[in-house]
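Numbering starts at 1 and runs along the sequence shown. Predicted model, so just to flag it, every value in this text is computed and none were measured.
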Amino acid sequence: MGCSGCRVRFNSGKVLSKVSVFFTMVLIFTYFFYCLTGFCDSAPRTLYTQQGLDYDILDDNRRVLDDLRPPARHLPDAPSLQNRTAAAEQVDARGQLRPLNAEESAPSSGIPVSNSFGTKRFPQAIIIGVKKGGTRALLEFLRIHPDVRAVGAEPHFFDRFYDRGLEWYRTLMPRTLDGQITMEKTPSYFVTKEAPGRVCTMNCQTKLIVVVRDPVTRAVSDYTQTLSKNPGLPSFQSLALKNSSTGLIDTTWSAVRIGLYAKHLENWLQHFPLSHFLFVSGERLVSDPAGEMGRVQDFLGLKRVVSDKHFYFNQTKGFPCLKKPEGSSRPRCLGKSKGRPHPQIPSEVLQRLRDFYRPFNHRFYQMSGQDFGWD
């Protein structure tokens with residue numbers, strides 16, 4: 001009997017030991033399961049992938065989503081050039097806000113600013129103009145570069161949505177790694193009176209790119225785009241001229257006013273030195289895209305990655321396209337909205353416009369230090 005009791009106790013001990021081992025293994029398995037799950041969620045993703053782009057998507061598509069985000073506090077306009085030092089201290093050299101406190105550092109949308117594979121930063125460079133000058137082509141050419149991350153849609157922050165605040169603006173930016181440049185493009189900034197001061201409030205060291213084009217050709221292209229959306233639009237000449245008999249140009253029409261590049265540049269030079277600007281020729285962006293892209297990459301401090309090998313000239317569209325990327329079945333060209341045929345404009349109207357723009361063009365050549373040869 002004594003031996004039988006010993007045997008029962010011994011067997012019971014073995015059962016308890018097995019149960020204990022079983023539950024210990026379950027706990028260990030559960031622990032590793034959650035650890036591995038967390039690891040997978042935080043593991044870094046591919047740093048850069050070159051994907052095909054859909055150029056037919058309108059810029060307003062992104063803006064519809066943006067409108068769903070909560071508004072942020074209003075920020076006052078920036079001081080002029082001589083009083084901008086204090087405003088510039090808000091950001092560091094990489095376009096990040098200096099830490100203030102936990103409440104001010106958090107984006108108003110609640111989206112975290114950084115994680116293990118990138119940080120949302122303010123743009124270090126902005127394509128600020130001009131409309132119908134070639135800004136979309138320049139942006140898409142730049143996005144080939146692995147050290148450039150850019151917002152696809154036009155944020156319109158410094159002209160339309162400034163009251164939503166800088167933190168809201170930063171949430172729109174793509175995540176970047178150290179050494180990468182954050183960019184955006186909104187051509188209407190160049191002609192918006194308040195934009196220079198507001199950009200300086202964000203960072204007075206921002207690099208500014210202006211894509212310019214013969215203002216007469218640009219005005220016709222602007223009109224053509226509007227006409228495609230509104231077929232009942234009056235004729236080009238009736239909009240461009242105040243009176244057909246006197247031939248006076250109507251500078252209140254936006255298509256004409258945008259081409260006064262010298263006037264708009266004067267406004268920007270009150271807040272930024274000329275060294276912060278790069279003026280890109282819209283004509284050379286078509287005739288020699290690799291050459292102009294070389295200048296842009298140098299200005300941004302980037303290695304010259306975008307070169308002749310990336311382009312071919314599309315005879316049908318009349319402008320350069322990007323060769324098809326690896327893994328894609330077709331080349332990448334700007335969408336159907338680009339390269340529209342222009343309507344026939346009376347030659348005397350075009351000549352009046354050329355005469356009108358000539359002194360402004362010469363002034364712009366002097367200010368920018370470049371002769372674009374529009375005369």
Side-chain angles (χ1 to χ4, degrees), residues 55-56 58-59 127-138 154 187-192 210-265 279-289 292 313-321 333-365 368 370-375:
Y55 296 102
D56 293 329
L58 297 177
D59 289 338
I127 301 172
I128 60 172
V130 298
K131 180 183 179 185
K132 306 308 295 180
T135 59
R136 172 56 60 182
L138 175 61
E154 296 175 2
S188 53
Y189 290 164
F190 190 59
V191 299
T192 301
V210 187
V211 187
V212 289
R213 182 184 184 187
D214 182 334
V216 177
T217 309
R218 197 222 65 81
V220 175
S221 180
D222 197 339
Y223 172 79
T224 303
Q225 182 184 55
T226 307
L227 184 65
S228 68
K229 300 174 183 178
N230 182 11
L233 198 67
S235 67
F236 179 89
Q237 49 267 38
S238 65
L239 294 171
L241 303 178
K242 287 183 178 180
N243 187 301
S244 57
S245 59
T246 62
L248 292 176
I249 302 298
D250 189 354
T251 57
T252 63
W253 186 31
S254 63
V256 170
R257 190 174 65 254
I258 290 173
L260 302 174
Y261 303 143
K263 290 285 187 183
H264 305 307
L265 182 57
F279 302 97
V280 175
S281 167
E283 287 84 7
R284 288 197 295 270
L285 205 56
V286 172
S287 63
D288 181 20
E292 281 300 278
F313 192 82
N314 187 303
Q315 296 290 343
T316 303
K317 287 182 172 288
F319 53 75
C321 294
C333 277
L334 298 181
K336 297 176 181 178
S337 63
K338 308 298 181 181
R340 297 186 187 95
H342 290 178
Q344 289 293 324
I345 310 295
S347 58
E348 59 270 20
V349 175
L350 296 179
Q351 188 57 49
R352 286 186 184 274
L353 269 178
R354 294 195 184 284
D355 295 339
F356 166 76
Y357 277 123
R358 187 170 293 109
F360 295 101
N361 290 344
H362 288 171
R363 174 62 178 152
F364 181 65
Y365 297 166
S368 65
Q370 293 178 238
D371 186 339
F372 291 89
W374 297 324
D375 301 310

Just wondering, do [Y] and [X] contact through their side chains at under 4.5 Å, heavy atoms?
X: V212; Y: S281; value: no
X: V210; Y: V130; value: yes
X: V220; Y: K132; value: no
X: V211; Y: V280; value: yes
X: D250; Y: L239; value: no
X: W374; Y: V216; value: no
X: F356; Y: L248; value: no

>> I need the R363 CZ to L265 CG distance, nearest 0.5 Å.
In response: 8.5 Å

> If you measure from NZ on K263 to CZ on F360, what distance do you get to the nearest 0.5 Å?
Replying inline: 6.0 Å

>> Under 6.0 Å between ring centres: does that hold for F236 and W253?
In response: yes

> Hey, do the aromatic rings of F279 and Y261 have their centres closer than 6.0 Å?
Replying inline: no

> Going by the angle between their ring planes, with limits at 30° and 60°, are H362 and Y365 parallel, tilted or perpendicular?
Replying inline: tilted

Is it true that a side-chain atom of [X] and a backbone atom of [Y] form a donor plus acceptor pair closer than 3.5 Å?
X: H264; Y: R257; value: yes
X: S368; Y: F364; value: yes
X: Y357; Y: D375; value: no
X: T135; Y: K131; value: no

Closest approach of [X] to [Y] (non-hydrogen atoms, all atoms of both residues):
X: R218; Y: S254; result: NH2-O, 4.1 Å
X: Q237; Y: I345; result: OE1-CG2, 4.5 Å
X: N361; Y: P215; result: OD1-CG, 3.5 Å

>> If the threshold is 4.0 Å, N to carboxylate O, is there a salt bridge linking D355 and R352?
In response: no

